[in-house]
Amino acid sequence: MENAEVARLFREMAELLEIEGANAFRVRAYRNAARVVEEHAEPVASLVEGDGRRLQELPGIGADLAGKIEEIVRTGSLAALSEVRRKAPKGAVELMRVPGIGPSRARTLAGTLGIRSVAGLARAAKAGKIRALPGFGAASERKILAELGARTAGERRISRAVAAQYGESVLEYLRAFEGVTRADIAGSFRRGRETVGDLDILVECADGQAVSDRFVAFPEVREVLAHGATRASVVLRSGLQIDLRVLDAKSYGAGLYYFTGSKAHNIAVRRLGQKRGLKLNEYGVFRGTRQIAGAREQDVFRAVGLPWIPPELREDRGEIEAALHHGLPDLVTLDDIRGDLQMHSTDSDGRGSLEEMAETAEAMGYAYIAVTDHGPMMRMVRGLDDAGFRRQRKKIDRLNAKLRKLTVLAGAEVDIHPDGTLDLTDDTLAGLDIVFVALHARLDLAPEKQTERVLRALTHPHVDVFAHPTGRLINGRRGAQVDFDRVVKAAVDHGVMLEVDAQPERLDLDDTAVRSAIGLGATIVIDTDAHSPNELRFMRWGVDQARRGWAEKKNVANTRPLSRFLKLLHASR
DNA sequence: GCCGTTTTCGGCCCGACTGTTTTCAGTCG
């Protein structure tokens, strides 16, 4: 039983209770429980033993929810959920997926018109049946039709790197507007999340209506969803939704804090404020009607008795407790990175030559890089064979003789065969400075077999780094299923480092995996897996992911100067 | 449904925009 499955059932329970009109706090308790279970590092199934006391140690899990978790783990289903499913109008849950339709309207649509699907909703709207319903009108019907028309096949969260391009261009557009003194992206983007559903942009401006007008006139706007003096919301042609909030100087920090989220984090901090008799909202921290903080984000934190918490940690995953006890991690930064350890050249599937990659890395201020072209198994990308790596080694030696500030390490990204053996001979591996191993094929092996495959590779004496350990692609494929704890422990025991691959569609390991790996004593490397000189710029995305995993500089091997990094490599061989 | 150094009962985060409203409910973030 996976935590995700428990979470899914609790979320469905929350939606059905909402439609039923249940107490909103009860609904929230289920949603909160779903999140807590989903983000818990170990399977909650392993906590189901004895009297359920261990389950109740999880925040927001009391006797009732502990019992329900136990029921799900033991039986695979939840009687209470089946019961509300029976009572709820069929199809109402699906209708809530349409923006603008919440529990109340879903209940009306499914209950009175008998609409059971999004397709049925479209038919009813086209037939003009919706405008006659209580609480609806012609405008609501039009909006529903527009929403349904705009729906595209792959409605997904977009990658952080893509969102950055749109966000930065809107920021530039707004900053150029007279009267705008500050503008920032907040929301999940600021928290460093690997994908974003929409972008939240804050501006400081005395004339809210004027900047809101300017915002909705952004050239790429396809649709205006809301357009007020403090808030506006648009959809770009790309389908990306952008929300704007206008704040004045004395509230800017509070607004930035508030709209950075996460929601769960904000609620927890607001509760801290309440205990001190304070009210927190997007305009500031208030004692009664008097504002005591708000201009700067750190003042908001200070008012509730906390140090400033980096946005990447604001997920209500223990950061508030850590902050209260002076235990916040000192997160790794992009500036800490001294070298990039995985990249490809034209010798395999890269688009930049060895020289071009090295020159770009040197210009970026790095002290070292490793070139890690593919081995022979990757035929479709022209991987190198043993002789090819020997020839490349000579080229790298000549290149190093010419370079002044940068050292190029000779490496390889070696495939792990399904039986756990490696794709290059031991002689070749011994001649390399750094050896990455990776899974590229047969990601579908059964967890037991996949784990054995990986363990065999990680215990090979020449292996230094396990590259993109799961092989997942964001919005693409799920990745290999392994016993993560066993893999991490083997890596720690054999001095193998775990990679955070900074490619925006990989970001593998992900945040929670980084955190549990570090907790188990693993050392991380963050690298770009660049296939062109430009992609060396991807490092920032990997650093963001590692920060979300609470990684400190000391946890990340490629923050070390070259001599200390090499010492680390040799120590493990 | 959870939770407690003011509470084991009675709270639970808070505000903006829209549309259908004659003062507010629903939805969203």
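Labels below follow one simple rule: chain letters A, B, ... track the order of the sequence lines, proteins then strands, and each chain is numbered from 1.
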B:dT7 glycosidic torsion: syn (within 90° of 0) vs anti: syn

Touch class at under 4.0 angstrom, heavy-atom based, for A:R105 against every strand present: sugar-phosphate

Distance below 4.0 Å between A:T230 side-chain N/O and B:dC17 OP1 or OP2: yes

Main-chain N/O of A:D336 paired to A:T333 side chain as donor or acceptor, under 3.5 Å: yes

N or O in side chain of A:K279 less than 4.0 angstrom from B:dG15 OP1/OP2: yes

Sugar-phosphate, base or nothing in reach of A:A229, heavy atoms under 4.0 Å: sugar-phosphate

Sugar-phosphate only, base, or nothing, as touched by A:R28 at under 4.0 Å among non-hydrogen atoms: base

Atom CZ of A:F259 with >12 non-hydrogen neighbours under 6.0 angstrom: yes

Span that lies between the P atom of B:dG11 and that of B:dT7, in whole angstrom: 14 Å

Touch class at under 4.0 angstrom, heavy-atom based, for A:P134 against every strand present: nothing

A:Y257 vs B:dC14: side-chain N/O to OP1/OP2 distance below 4.0 Å: no

Pair listing, ring pair (Phe, Tyr, Trp, His ring centres under 6.0 Å) test, anchored in residues 167-197 of chain A, at least two apart: A:Y173-A:F218

No-H, no-angle donor-acceptor pair, A:Y258 side chain to B:dG15 base, under 3.5 Å: no

Any A:S140 side-chain nitrogen or oxygen under 4.0 Å from OP1 or OP2 of B:dT20: yes

B:dC13 versus B:dG29 - spacing of their C1' atoms, nearest Å: 12 Å

